Asker: 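Mind looking over this structure? Questions follow.
These figures come from a predicted structure and were not determined experimentally. Sequence lines set the chain letters: A, B, ... in the order given, protein chains first and strands last, and positions in each chain run from 1.
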Amino acid sequence: MLDVSVSYNRYRFLGYEFLTWLWFVIEKDQGKITGPEQEMVSLEIGNRIVLENDRKDAVESITIKGDDAGLEEGILALRKGAVVTELNLFYKVGDQAWHFTIKGESLNMASLKVPDTGGMESRKDLEGAVIEKAYLYNEAIRLVDNLFKEFIKGRVSDDWNTKIVPLVRQWIYS
Amino acid sequence: MGFLSSNVSITRYKVEGRVEEPVIETIYNGLTQNAIVTTNDDISEKTVGWTSLDSPFDPNFEGSSFLIGTHLVFSLRVDKKTIPPKIVKKHFAMEAAKRLAESGREYLSRTEKKMIREHVMSVLILRIPSAPNIYDLIWDYEDSSLWFFSNLKSANEELETLFSRSFNLTLIRLFPYTMAGLTAGLSDKERDILARLSPTNFAE
């Protein structure tokens, strides 16, 4: 393995490509999401997308936010060569909902809100709350892990250039 | 931001290496030997150490209280004294004026100014209480994975250093490249391809 700081910077584009691919999957290929997650109901874009375009001399950043914000500006930015650097997601299983933001360069999760859990009054309640919260956090992490695995398997295969990227382009220009 | 908060941030790690047997005792020793220690006359600007999830201001790891289910749950505490620059400026000006009056001179040398600043800082640091910052973590020992409940760079760096010192284990931060290489189940051939990848241009 490469030095951590070198690999963090050199391969940060993988995180941006993952989020760009994920947006495409959410819009056009939901089957990819339900595959590894048998019980999943829906995954939607949440209330924030950040895109970045560094194909010119200066880095251009585009932020789209708001619960019902139109994403046309984001598509336009993709056409100009931008990639998604931050994506807020809304994940729903039955009547339980998760909201969180993924940062492309680190794949860190931020603003993660999980379904409500019971209150606490004693040490025993604390143990129960920890176990319950850990389970709920793990659901969001498992979703991201499965999607990232799906992405990276495709990214290192011949299909990336011959099938996947042409489909993403087709979506961007549709 | 705490583990039990309604809104959290998570940085994920892979734990490299195994804890010496007996595991719980080794972890208990690592926690107690590196637990945060606070004293009222602390002259350091920053103090870092472990604390317990349920009593962060009175660390207590007795009775394997850090073991919840199959998880090891505890917290990193960073106590930091931050002196507002305006306070430093005010006390520096007062001390400089006093020295000038005592010496009858009009100017202070650069070295004198530096000494006054150091003196002011050392006096103020004793008077200002430190602000505690608590960051929870959950460590799945069997899975060699750890979630740290903060995305702050400085907090993550403190965690990596203290964890290594306490348990003699390395934390590998999970980001796109390390996730691809360590947790995505790629074959050796796929890892070679991964190392040679370059950015895709989605726009034609």
Asker: With only heavy atoms counted, which part of T11(B) is less than 4.5 Å from chain A, the side chain, the backbone, both or neither?
Answerer: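 For T11(B), heavy atoms of backbone and side chain both lie under 4.5 Å from chain A.
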Asker: When only heavy atoms count and the cut-off is under 4.5 Å, which of residues 87-95 of chain B reach chain A?
Answerer: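 Interface residues of residues 87-95 of chain B: none, nothing closer than 4.5 Å to chain A.
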Asker: Against chain A, label L174(B) side chain, backbone, both or neither, depending on which of its atoms sit under 4.5 Å from a heavy atom there.
Answerer: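 Just its backbone gets close to chain A.
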Asker: Heavy-atom cut-off 4.5 Å, strictly under: side chain, backbone, both or neither for S198(B) against chain A?
Answerer: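 S198(B) touches chain A through backbone heavy atoms alone.
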Asker: Between T101(A), N161(A), I141(A), which shows the greatest number of heavy-atom pairs under 4.5 Å with chain B?
Answerer: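 The answer is I141(A).
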Asker: Can you tell me which portion of I172(A) sits under 4.5 Å from chain B's heavy atoms? Options are side chain, backbone, both or neither.
Answerer: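 Contact with chain B involves the side chain of I172(A) alone.
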Asker: Could you pull out all donor-acceptor pairs under 3.5 Å where a side-chain atom in residues 113-123 of chain B meets a protein atom, sequence neighbours excluded?
Answerer:
unit_1, atom_1, unit_2, atom_2, d
S122(B), OG, E118(B), O, 3.3
S122(B), OG, H119(B), O, 2.8

Asker: Would you mind checking which part of T117(A) comes under 4.5 Å of any heavy atom in chain B, side chain (CB onward), backbone (N, CA, C, O), both or neither?
Answerer: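 The answer is neither part of T117(A).
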Asker: Which region of Y137(A), side chain (C-beta onward) or backbone (N, CA, C, O), has a non-hydrogen atom less than 4.5 Å from a non-hydrogen atom of chain B, or is it both or neither?
Answerer: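 The answer is both parts of Y137(A).
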Asker: So what's closer than 4.5 Å to chain B heavy atoms on E105(A): side chain, backbone, both or neither?
Answerer: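 Only the backbone of E105(A) comes within 4.5 Å of chain B.
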Asker: With a 4.5 angstrom heavy-atom cut-off, which part of F148(A) approaches chain B: side chain, backbone, both or neither?
Answerer: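 For F148(A), the side chain is the part near chain B, not the backbone.
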Asker: Is chain B contacted by the side chain of N9(A), its backbone, both, or neither, given a heavy-atom distance below 4.5 Å?
Answerer: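 For N9(A), there is no contact with chain B at all, as no heavy atom is under 4.5 Å.
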Asker: Checking L197(B) against chain A: side chain, backbone, both or neither under 4.5 Å from a heavy atom?
Answerer: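 Both parts, heavy atoms under 4.5 Å.
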Asker: Counting only non-hydrogen atoms closer than 4.5 Å, does V130(A) touch chain B with its backbone (N, CA, C, O), its side chain (CB onward), both, or neither?
Answerer: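 V130(A) touches chain B through backbone and side-chain heavy atoms alike.
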Asker: Side chains of L167(A) and F24(A), heavy atoms from C-beta outward: is any pair under 4.5 Å?
Answerer: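 Yes. Closest side-chain heavy atoms under 4.5 Å.
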